[in-house]
Amino acid sequence: MKKIILPLVALFLCLSAVGQTFVPNYDEAAMPAFTLPDPLVFANGSKVKDAGAWEKRRAELIQLFASEEYGFTPEGKVKMEARKVSEVQDACQGKAIRQELDLTLSREGKSVTLQLLVVLPKTSHRVPVFLAYNFNGNHTVTEAPGVRVASSWVRNFPEMGITDNHSNESLRGSDTKSWPLDSIVARGYGVVTLYYGDVDPDFDDGFKNGVHPLFGGVRDSSSWGSIAAWAWALSRITDYLVTDKRIDHNKIIVLGHSRLGKTALWAGANDKRFAIVVSNESGMGGAALSKRIYGETAWRINTSFPHWFCTRFRNYNNNEGALAFDQHELLALIAPRPLYVCSAEGDKWSDPKGEFLSCVYASPVYELLGKPGVGTDKMPELHHPVGGTIGYHIRAGSHGILLYDWERFMDFADAFFLKK
Ligand code: GTR
């Protein structure tokens, strides 16, 4: 008997050590009691009564999120150089112009090059664009043979022949389902995308690669993590996009799925040039309320991805109740700009209800600023988008970004961009 028990105990200890025994809570009844902080109350207890006071409270919240969760982004400027690498006039069945660009960011003798893919409908007027990272390289979002294979570090994917952290042709067009470019262009929207690993490779390397080294190596417990770096680069790309006369600078939509949805929200919170912010199934550290302890938790995310947040965020491991803020306040930072949040029924890990409730609790800030929020506190049915200046839908299916989602984002954006 001992012979069996001892190895079992050893296995259990081993698995616990690497966190494999984590059992997510999917039971509303098992959630702890919690009180959400009111976005319209300053840390000192005084109330936010008007738009002017909200700007001050907004600044206070940005400091709080930076210090405790995403980390502070350094203030220094980078030099930026754009170089056109390719251009075709017949993309998307002849309806779009597709360009590849190298955007090189340099500082203190170091540089990082981001490879942008820009797909814009052929038209004589300026177009609205979605700015969104892709997960596996520009060559995965289209089957077009000319688009470069990602050259920076990628996750291994042995089934597809990727074993040395370098991508290759086998992934070309592998994610077109998430990137319905023809349909997007047909509705008059452009897409600007790049591989997020160009900005900061998604593994824990002590912040030695990607854009972090441009700002020196000194770090403390509130220094920026990878999400903040990815968010910062979205703003640098926007510095470039506003120089492109084919793009409507007042209609740049920042969008992201999952970890990149967390990124889009933090980018949208910090940079008011993003006219609309879209979070697709961003979950923990994104749109979902942390204090609900439903699905992914602070401990789980900080353990799986120690490089995403600042190290101070680990203080909330199994201790979400101690957070002085919650993610509805991240959404509120986007007010009064339009914000769209979406969930998938099968993506319980991201806590769909927690994402919806975040919209509900961010709404009073929109209302203070004279805009309707999400307009209901009742979780909508599947495929029944709701909302005013905050839009929300939940669809059937699992974690992912589909044509259905894109169509709803464009319906939402049309409602703001096309109105007189
Ligand atoms: C998961 C992670 C989530 C989400 C997701 C994704 O492993 O736990 O927070 O970000 O990855 O980005 O696909």
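In this text, all values refer to a predicted model and were calculated from it rather than measured experimentally. Order of appearance sets the numbers: ligands from 1, and atoms from 1 within every ligand.
- Contact residues of ligand 1 (protein heavy atom closer than 4.0 angstrom to a ligand atom; sorted by chain and number): S258, R259, K262, E296, I301, F305, W308, W349, H399.
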Report, one line per pair, each donor and acceptor closer than 3.5 Å where one atom sits in a side chain of residues 70-78; sequence neighbours left out.
from : atom 1 : to   : atom 2 : distance (Å)
Y70  : OH     : G285 : O      : 2.7
Y70  : OH     : Q327 : NE2    : 3.1

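- Within the structure, ring pair (Phe, Tyr, Trp, His ring centres under 6.0 Å) contacts touching residues 138-176 (residues at least two apart or in different chains) are W153-F203.
- Between H383 and Y404, the gap from one ring centroid to the other is short of 6.0 Å.
- Side-chain rings of Y316 and W299 stay apart, their centers remaining 6.0 Å or farther from each other.
- At most 12 non-hydrogen atoms from other residues, nucleotides or ligands lie less than 6.0 angstrom from NZ of K95.
- Identified under the ring pair (Phe, Tyr, Trp, His ring centres under 6.0 Å) test for residues 328-355, with sequence neighbours left out: Y340-H393, Y340-F409, Y340-F412.
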